[in-house]
J.: 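Next up is a structure, given as C-alpha cells.
Atoms within each ligand, like the ligands themselves, are counted from 1 in listed order. Being a predicted model, the structure only gives us computed values, none of them experimental. The analysis underlying the following values was restricted to heavy atoms, covering all of them including side chains, and did not include hydrogens, waters or symmetry mates.
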Amino acid sequence: MTMQSMSAEREVKTTCPYCGVGCGLLAKVSPGSEVSVHGDPEHPANFGRLCSKGMALPETLGLEGRLLHPEIGGRKASWDEALDLVARRFSQAIAEHGPDSIAFYVSGQFLTEDYYIANKLMKGFIGSANIDTNSRLCMASSVAGHRRAFGADTVPGTYRDLELADLMVLVGSNLAWCHPVLYQRIAAAKEARPEMRVVLIDPRRTMTADIADLHLPIKADGDVALFSGLLAYLAQHRYVDQSYVAAHTTGLNVALAALPALTPERIAAQTGLTVEQLDVFYTLFAATEKVVTVYSQGVNQSACGTDKVNAIINCHLATGRVGRPGMGPFSVTGQPNAMGGREVGALANMLAAHMEIENPEHRDRVRRFWRAPRIAQKPGLKAVDLFRAVRDGGIKVLWIMATNPADSMPEAGLVEQSLRACPFLVVSDIMRDTDTLRHAHVKLPASAWGEKDGTVTNSERRISRQRAFLPAPGSARPDWWILCETAKRMGFAEAFDYGSPAEIFAEHAALSAFENNGTRDFDIGAFAGIDRTSYDRMQPFQWPRPRRSAPAETRFFATGGFYTQDRKARIVPIELSPPKTIDAEFPLVLNTGRVRDQWHTMTRTGKSPGLSQHFAEPFVEIHPEDARAHGVADADLVRVWSGQGAIIVRALLSKRQRRGTVFVPMHWTDQFAGSARVGTLVPGTADPHSGQPALKHASVRIERFAAATYGFAVLKQRPRGLKADYWALARCQGGWRLELAFTAGGMDMGAFAASLFNAPEGVETLAYRDGATLRDRFACFDGDRLLGALFLAPEPVAVSRAWACEQLLARHDGHRARMAVIAGRPGANGIDRGVLVCSCFGIGANEIAAVVGQGCRSVDAVGQALGAGTNCGSCRGEIRQVIEQYCFKSEMRHAEAAPVQARERALS
Ligand code: SF4
C-alpha cells in the first residue's frame, strides 16, 4: 500500500475475521489512518449488521504487542536468515527421519490461499499428511458426519433457510453469543412471523433461549439418544417420506433395526428430559415440514460428535427435508474460514478440493495437477495425536501458524510440554507474546487482518474477499508468502512461484474443476485462471460455481444427487452408548465455550477496552444448589480440578446452568490470568471417527479457594511479573483493571501497591487503612491524573468496577477529589454505570435499571432511551433480564453494592 493511496479517505469492502457467519464489512481509513468499520449492507451474510466483536475491530488494530520482525532464539533476524534456517531444518529432518517426522499445525483463521499453500507443500511436496488445523477442534465431526451421510463434506442449505423455516431447532449452539448476526436474522424472522417456532437444545439456558419457544436442558451428550428417539418416532408415526427415502437414500431399515427398544422413559433417562418435553418436541418436529436443525460446537466437540451429526441428519433424510427452502441440517462453523480449510483439504485426513486421501485415484489426480514429486499416501496425525507425537519424539520439527494450541487444545499441559520438548519449533503469528510463542525457536511475523488479501468461506458456502486496507507493519508478511519462500528454499521453487494471492486462488479454483464433471460437490471452476483485476473485484458468491455458471443461491440434495457411488445418501445406524456414570472424585461435568465479547485466546479481542468489560475475568458458572453443596458463594474464588490439572476462577452462580454441570469459558490464557487455562482440565478424549476432542465434557470437582485478602486495582500501565495467588487482567479505557487474591495474611501491601503502580519519583500516593475491618486502599496520582488505585479487603472487593475504571480518565483536582478515589465510590454527583451490558454503546446495568425505573419496560423502550441493544442486538437478552430483575426483585436496586465480578447477581 503506497503512501499516496493513504492520503485520501478510502473505503474497502472486506470480511470480519472472527466467526463463521462471515459478515461483510466496510472498513473506512481516514487520511490520518484512523479506521472505522460498518456492516456491509450489500453482503448477503449480514446485510449491514455486525456484532459487538465486529464493531470493535478498530480497537484491535494497534501495534502494541505485535511481532514485527523474525526472531531466532529471541534475537532479531532477517527474513533470509530465518527462512534459510527453517528450510534447512525441515530438509534435514526429512532426510534423516523421513517426511512424517515433520508437521504443520495451521488455523481456521488462515485465508484460503494460505491454507492451500500449506496443504500443497505438506501433502504434495514434503509427502506427508501431517498437517492438521485448529478447525479439528471446531467442526471435524460435522465433516465426518457429512461424509458418512452425503459422501462429501457438503452443507446443503443457505442462511435464507434459517429465515424461511417454520421450526428452527438449535442444538448445542449459543447463537446469541457465538454467531450473533445469524441469531439476529432468526430473531427478526420470528418477529416478522410469530408463528415460527424455535427450540433450543442445550444443557445451559443460554442467552439464545431469549427467542426460544421451548428450551430442552439436555444432559451432556444426550443428543444421540434424543435424535435416535426422534427417528424412531418419525417411523412409528408414519412421518417418513417414503418416496424420497426410496429414491435417494439407503439404510433406513438397518438404522431403525439398530436402535434398541427406545421407550420414552429410556430416552428421558438418557437425555435428562421429561417424557412430556420429548413429546412436545417430537410432535412439533414431525408435524412441521419446514424444519432447519442448526448445530455447532455443542454437537461437534464430543466423544460421540459424529454420531450426533448423523443422528440429526438421519431425521432430515428420513423426512426428505434436505436442501429445500427452509429445510435441512445446518452446521455452523465457529471459525471465519473453517470451510475454506475444508475446501483445500487442510485436515490431516483430507485431500484438496474435497477429494479423499484414502482414494488412490484422487491422490493420483491431485499429484498430477500439482505436478508434485510425491503425494501423501495415508492420513496424517490429527491434532491430539500430533502433539502427543511431538512429546514422544516422533515429530522432530513442528511449524505452528496463526493459532495458540498451548491454550486451545485439550490436555493443554501436555501440549505445552510437547512444545517445550520439540527439537525445532517454528511459530508464525501476529503477536509477540502468546502461551505458544514463548516456546518457539524461530518466530515469524505474519500480517494481520486488515493487512492481507485473500478469500474466506462462511458457513453457507459463501466465498468472500478479505481485502487489505492497512500496510503491513515492520517486516510482517502474509502467511502464503512465508510458506512459499520456505518451499523455494527446500527446492520447490517452480511449484511455489506465486506473485499474489490471486494466482493461488486461480489454481485452487482450477483444481476444484480438474477432472470433476459433476463428481465432486466443490467446484468453483468459474474462477479458474482468474486474473488480479477480477479477483480484486470479486463479489461474494456461493459454491458450487462450475465453469460458465451464473451466480445463484445454491442448495444441495433436494432431488438426491449425493456424492456416494450409487448417488444415494446413507442413513447411518447409530449405536447408543450407555449413559456415563458419575465419577465420585470428580462429580461435575465441565462444559467449555465462548462468551459474547471475546474471541478464542483473546490475542486480538483482549486489546479492546470495550469488549473486555463484558466479562473482565475468568469464571465458572455453577447452579446455586451445586455451589451451596460445595460451600461456594457468589463471587467467591473457586479452584476447579480435573484429573489433568487445576485452575482458579471466579464463581458465578446461575440457575441457567444445569445441575451437576459447570461452564468455564475457553478464552483466558497466561497472558490475562494467573491460572485459568481451561484446556489444562480437559483430557484428550476424541471422537473415534473425526478425531475431534470432547472439549465440552470433562469430569471435575470444585472447591472454594480460601483467600486471606482480595484485591481490585485500576492501573494506567500494564503490570508485569504479578506476584499474587490469583490475578486476572483486562483492558479498560485509559488503562487496565486487575482482580487479585492472596492466601497469606500479613503481606506488606504498601510495597505491593508501589510495585504495582511502578510510579516515577515525586508522584503523590495516598493510603488508607481501616484496622477494624482490615481494608487497605492506595491511590497514586501524577498531578491530577490517577496512575493507579488498589483496593484490598478480606472478602471480594465491593467497589464499582465501571466507576473505578472511569477514574483513570478523570481529572482529580484537589484533595477532596482524590479522597473520593480512596473512598472507592462515586461522590454525590458521580455515576456508577454498573456492569457492562451493551458493548456497542457502553451502557451498563445500572443505567438500564435507571430508565426501567423511569418507565421503560421493554427492550425496545430501553433502546429508544439509551440506544442499548439497537445496534448488533447481542445484548437484548441481557437487557430483558435487567428489566425483569428490576420489576420483580428488590436486589436489583442494590446492584451497586454487589462485587462486580458477580455480574450474574446483578443480571439474573
Ligand atoms: Fe464477525 Fe460478529 Fe459477524 Fe461473526 S457475527 S462474522 S463475529 S460481525
J.: Strictly below 4.0 Å, N to O, side chains only: are D536 and R467 in salt-bridge contact?
T.: no
J.: What about F330 and H316, are their ring centers closer than 6.0 Å?
T.: no
J.: Short list, please: which atoms of ligand 1 are under 4.0 Å from a heavy atom of G22?
T.: 6 (S)
J.: Between F663 and F619, what is the ring plane arrangement, given parallel below 30°, perpendicular above 60°, and tilted in between?
T.: tilted
J.: Check the angle between the aromatic planes of Y535 and F505 and answer parallel, tilted or perpendicular using the 30° and 60° thresholds.
T.: tilted
J.: Quick one: name the protein N/O/S atoms under 2.8 Å from atom 2 (Fe) of ligand 1, chain by chain.
T.: C51 SG
J.: Output all residues satisfying side-chain contact (heavy atoms from CB on, under 4.5 Å) with S612, sequence neighbours left out; order by chain, then residue number.
T.: Q598, A730, R731
J.: Does R160 CZ have over 12 foreign heavy atoms under 6.0 Å away?
T.: no
